[in-house]
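Contents: one structure, followed by commentary.
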Amino acid sequence: MLPNFELLLQNIPEALFILNIDGYITYANPAASTITGYASDELINQPLTRFYPNAHDAIRTEYELSQVRKHGKLITEGWKLKKDQTPFWAEMTLAPIYDRQQTLTGYNCLLRDTSEKKQRELALRENEERFRLMVEGVRDYAIFLLDVNGYITTWNEGAQRTKGYSSGEIIGKHFSTFYTLEDLEDRKPERELKIAIATGKYEEEGWRVKKNGSVFWANVVITALFNSENKHIGFSKVTRDLTERKQAQELLRLSEERYRSLVEQVTDYGIFMLDDKGRIISWNEGARRIKGYNAEEIIGKYFSIFYTQEDLFNNKPANELRIAIEVGKYEEEGWRLRKDGSLFWANIVITAVYNTDGTLIGFSKVTRDLTERKAAEKALRESYDQQRILAEQLKMTNEELAAINEELAVTNDDLAETNRLLLRSNQSLQQFAYVASHDLQEPLRKIISFSTLLQEQYAERLGEGTDYLERMQSAASRMSTLIRDLLAFSRLTTRKDTAGVVALTEVVNQVLTDLDLTVQETGATVEVEPLPTVYGDSSQLRQLFQNLISNALKFRRAQVAPVIQVTTHLMPSVDLPLSVKPARAAAAYHRFDVSDNGIGFEEKYTERIFEVFQRLHGRSEYAGTGIGLAICEKVVMNHGGAITAVSKPGVGSTFIVYLPAEPNSMPVAQAE
């Protein structure tokens with residue numbers, strides 16, 4: 001890009017983008033960041049729809065770019081969004097970019113923030129709309145203003161239709177133009193104004209003259225207008241043509257009858273008529289099916305009811321009618337609203353309808369719902385793109401796999417030998433753990449027995465030596481407990497599968513029976529909800545709850561009676577916390593919570609407490625070997641589940657167990 005040209009773009013106050021042929025941003029000037037709030041690097045390679053209220057409105061972008069290619073330029077106005085989602089009204093100009101061979105290479109886009117201008121326009125339009133609704137909403141009346149001398153200062157469409165003059169032909173002329181020669185000779189216009197000033201209003205019915213010289217019978221009301229200072233400032237004049245009213249009503253009825261018989265039964269197209277102001281005067285079955293309104297709900301309302309808020313701010317309905325009048329027909333595709341507020345992509349054709357005299361009497365409107373077709377086209381296009389990308393990825397993957405397979409062929413042989421040696425080593429280690437745990441119990445029993453005999457028979461001779469015997473017995477007892485726990489942990493790995501249907505309520509009741517003495521001594525309260533039936537090993541599950549409840553009784557606060565609760569509920573797998581990783585997948589899991597009001601612990605030690613021989617307290621404070629929770633974790637993993645804990649020091653702990661809910665889908669694990 002030339003330096004001068006680059007400098008020019010950098011200093012343009014409007015946002016300027018350069019898009020590729022797919023509508024993605026390849027360049028954005030500094031003003032683009034100022035207006036949209038995005039940094040330059042955040043805009044590159046982003047679709048233009050990033051600024052649209054509907055960021056996924058690819059249909060609209062495709063349509064707008066097609067109009068640019070067709071017409072060479074497209075100017076639109078509508079809501080856009082900044083990075084912080086603040087809406088702003090913008091004027092967007094799109095134009096194609098061609099290279100020297102006239103090949104389309106992309107588009108340039110100029111975006112102007114016209115929010116303040118639009119607000120002023122909306123305020124002005126609101127004032128004009130109130131006046132328009134007042135003077136134009138009634139189609140059978142001519143409503144206009146006169147100055148204090150009777151000269152016409154305003155002119156509405158009703159007046160033009162009634163009297164035949166356009167505003168340019170009549171404004172500035174005296175209202176006596178509409179009176180017959182006899183009334184003029186009788187000075188009737190002057191007399192009417194005097195009566196209106198004197199009484200506030202003049203009303204009558206009489207003959208009036210149209211532009212073409214024909215007369216019509218009119219109802220006329222002239223009202224004197226005074227300002228806040230009671231100064232006379234002019235007159236309002238309302239004229240109603242009573243001659244043609246019945247004729248117009250009859251023509252309209254016949255027209256509706258013919259139209260209804262033609263289109264009433266069409267179901268694939270919404271076909272209905274508008275009057276010349278855009279109000280709906282007929283409604284067919286297809287319109288009801290597409291838009292959701294019954295005839296009695298919609299007839300009489302403006303057709304703008306089907307347009308989005310953005311289209312209404314952009315005055316789109318009125319512009320469409322104007323174009324239909326100018327060229328005879330208006331056609332486009334765009335979003336429209338149903339009764340329920342949902343959007344559908346529609347093809348719309350609006351045709352101006354004239355009577356035999358060439359007078360505009362309304363519009364016909366045909367709407368077709370293209371949403372399904374557009375969705376199918378989008379799906380087909382996306383499918384093609386995905387297949388193309390997948391084909392490229394597959395080619396690259398195949399090349400990578402070919403290289404990996406060569407490496408794996410060599411590695412597999414090494415792994416087979418390694419696995420064989422590892423399996424034999426594991427079997428030897430498991431056998432050693434079992435034998436060692438079993439055979440060490442006998443010497444310990446003898447140590448405890450002989451030390452007891454020494455203490456009983458030679459206590460007087462040993463003197464202070466009895467203290468050493470007591471310490472020896474205590475150490476031997478701790479070692480015996482440790483060996484039993486190691487043996488239990490070893491059995492969880494080496495025992496064969498004895499799984500079946502287990503009623504957990506009975507299992508927990510048996511555990512509470514075993515712990516009854518400890519419960520009474522500590523004054524504990526244990527509350528157990530009805531528990532489900534699961535598929536597993538009853539002895540392992542009993543050991544699980546034995547350890548969890550025992551810990552809750554053991555790690556209690558001084559002078560505080562333990563309160564233990566066992567609760568459960570069914571949880572779909574999709575609701576599992578991200579940190580919970582069960583050993584096997586299932587559609588749902590039983591969650592068991594064993595909660596207490598004990599001493600608790602810092603949650604940063606949660607993973608550590610499930611490791612073998614890991615303790616958070618000294619043996620002098622709380623007895624134990626540090627294997628109990630490791631056994632719990634092994635039992636839960638054998639059953640395809642997961643275990644974790646939440647706790648707070650001085651408040652208590654909750655150990656949470658997840659077990660698969662489907663029977664037979666998660667058998668108890670055997671040794672690998």
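Numbers here simply count residues along the sequence, with the first being 1. Nothing here was measured: the structure is a model prediction, and the numbers come from that model.
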**Item:** Working for side-chain contact (heavy atoms from CB on, under 4.5 Å), residues Cys109 and Leu48
**Value:** CA-CA 9 Å; Cys109 174; Leu48 191 59; 4.2 Å; yes
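- More than 12 heavy atoms of other shown residues, nucleotides or ligands fall within 6.0 angstrom of atom OH in Tyr63.
- In summary, the aromatic rings of Phe272 and Tyr293 are positioned with their centroids too far apart to meet the 6.0 Å limit.
- With sequence neighbours left out, Pro87 forms a side chain to side chain contact (heavy atoms under 4.5 Å, CB included) with Trp79, Leu81.
- Side-chain contact between His590 and Leu570 is present, with heavy atoms from C-beta onward closer than 4.5 Å.
- The minimum heavy-atom distance between Val68 and Pro96, with the atom names listed, is CG1-CD, 3.4 Å.
- In terms of the ring pair (Phe, Tyr, Trp, His ring centres under 6.0 Å) criterion, residue partners of Phe226 (sequence neighbours excluded) are, by chain and number, His232.
- By the 4.0 Å N-to-carboxylate-O rule, Glu377 lies too far from Arg381 to be salt-bridged with it.
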**Asked** Between Glu320 and Lys316, does a salt bridge (Lys or Arg N to Asp or Glu O under 4.0 Å) hold up when you go through it step by step?
**Response** CA-CA 6 Å; Glu320 291 179 356; Lys316 187 176 178 65; 3.8 Å; yes
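- Taking Asp41 as the reference, Ala39 meet the side chain to side chain contact (heavy atoms under 4.5 Å, CB included) condition, with sequence neighbours excluded.
- With a 6.0 Å radius and a threshold of 12 heavy atoms from other residues, nucleotides or ligands, Tyr24 has its OH atom at or below the threshold.
- Cation-pi geometry between Lys291 and Phe306 is met: under 6.0 angstrom from the ring centre, within 45 degrees of the axis.
- Annotation: Glu392, atom CD; neighbour count of heavy atoms from other residues, nucleotides and ligands within 6.0 Å is above 12.
- In this structure, CG in Asp385 is found 6.0 Å from CD1 in Ile389, a value given to the nearest 0.5 Å.
- Under 4.0 Å is where a charged nitrogen must lie from a carboxylate oxygen, and between Arg338 and Asp369 at least one such pair does.
- A donor-acceptor pair under 3.5 Å links the side-chain atoms of Thr154 to the main chain of Leu145, judged by distance alone.
- When all heavy atoms are compared, the tightest approach of Lys231 to Asn227 is N-OD1, 2.8 Å.
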**Item:** Ile170 and Phe144: CA distance, side-chain angles, deciding distance, side-chain contact (heavy atoms from CB on, under 4.5 Å) verdict
**Value:** CA-CA 11 Å; Ile170 198 65; Phe144 52 95; over 6 Å; no
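- You'll find the side chain of Phe303 stays beyond 4.5 Å of the side chain of Asp275, heavy atoms only.
- Between the side chain of Asn314 and the backbone N or O of Glu77 there is at least one donor-acceptor pair closer than 3.5 Å.
- Counting only residues at least two apart or in different chains, salt bridge (Lys or Arg N to Asp or Glu O under 4.0 Å) contacts with residues 342-355 are absent.
- For the pair Trp89 and Asp113, the tightest heavy-atom approach, listed with the atom from each and the gap, is O-OD1, 3.4 Å.
- With sequence neighbours excluded, no residue forms a salt bridge (Lys or Arg N to Asp or Glu O under 4.0 Å) with Arg289.
- Between Glu399 and Lys395 there is no salt bridge, since no side-chain N of the basic residue sits under 4.0 Å from a carboxylate O of the acidic one.
- Between Asn108 and Leu19, the closest side-chain pair of non-hydrogen atoms is not below 4.5 Å.
- Ion pairing of Glu62 with Lys378 is absent here, as no side-chain N (NZ or NE/NH1/NH2) approaches a carboxylate O to less than 4.0 Å.
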Show the atom names and distances, to 0.1 Å, of all donor-acceptor pairs under 3.5 Å that link a side chain in residues 645-660 to residues at least two apart or in another chain.
unit_1	atom_1	unit_2	atom_2	d
Ser647	OG	Phe601	N	2.8
Ser647	OG	Phe601	O	3.4
Ser647	OG	Gly652	O	3.1
Ser647	OG	Ser653	OG	2.8
Thr654	OG1	Ser595	OG	3.0

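- Judged by distance alone, the side chain of Lys83 and the main-chain N or O of Glu42 form no donor-acceptor pair under 3.5 Å.
- A salt bridge links Glu333 to Lys374: at least one charged side-chain nitrogen sits closer than 4.0 Å to a carboxylate oxygen.
- For residues 10-22, the pairs satisfying salt bridge (Lys or Arg N to Asp or Glu O under 4.0 Å) are Glu14-Arg112, with sequence neighbours left out.
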**Item:** Test log, rule salt bridge (Lys or Arg N to Asp or Glu O under 4.0 Å), inputs Lys117 and Glu91
**Value:** CA-CA 11 Å; Lys117 175 184 175 183; Glu91 177 183 288; 5.0 Å; no
**Asked** Checking side-chain contact (heavy atoms from CB on, under 4.5 Å) for the pair Phe51/Met92: CA distance, chi angles, key distance, verdict?
**Response** CA-CA 11 Å; Phe51 314 122; Met92 183 174 70; over 6 Å; no
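- For the pair Thr162 (side chain) and Gly158 (backbone), a donor-acceptor distance under 3.5 Å is present.
- A side-chain donor-acceptor contact under 3.5 Å links Asn156 to the backbone of Ile143.
- The two residues Phe17 and Thr36 make their nearest non-hydrogen contact at CZ-CG2, 4.4 Å.
- Annotation: salt bridge (Lys or Arg N to Asp or Glu O under 4.0 Å) contacts of Arg120 (sequence neighbours excluded): none.
- No donor-acceptor pair closer than 3.5 Å links the side chain of Thr568 to the backbone N or O of Phe592.
- Side-chain contact, Trp155 with Gln160: no donor N or O sits under 3.5 Å from an acceptor N or O.
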**Message:** Could you walk me through whether Thr567 and His569 satisfy the side-chain contact (heavy atoms from CB on, under 4.5 Å) test, starting with their C-alpha distance in whole Å, then the side-chain angles of each, then the deciding distance to 0.1 Å, before giving a yes or no?
**Reply:** CA-CA 7 Å; Thr567 59; His569 67 273; over 6 Å; no
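- Side-chain contact check for Ile152 versus Lys237: every heavy-atom pair is 4.5 Å or farther apart.
- The side chain to side chain contact (heavy atoms under 4.5 Å, CB included) check on Lys73 picks up Ile75, Thr93, with sequence neighbours excluded.
- With sequence neighbours excluded, the residues forming a side chain to side chain contact (heavy atoms under 4.5 Å, CB included) with Leu312 are Ser304, Tyr307, Pro317, listed by chain and number.
- Considering only residues two or more places apart in sequence or on other chains, Glu116 meets the salt bridge (Lys or Arg N to Asp or Glu O under 4.0 Å) condition with none of them.
- No side-chain N or O of Tyr330 forms a donor-acceptor pair with one of Arg322 less than 3.5 Å apart.
- Residue pairs meeting the side-chain hydrogen bond (donor to acceptor under 3.5 Å, both in side chains) criterion with at least one partner in residues 96-106, sequence neighbours excluded, do not occur; the list is empty.
- Of the possible donor and acceptor atoms, none in the side chain of Thr49 sits under 3.5 Å from a partner among the backbone N and O of Tyr52.
- Of all heavy-atom pairs between Ala346 and Thr367, the closest is CB-CG2, 3.9 Å.
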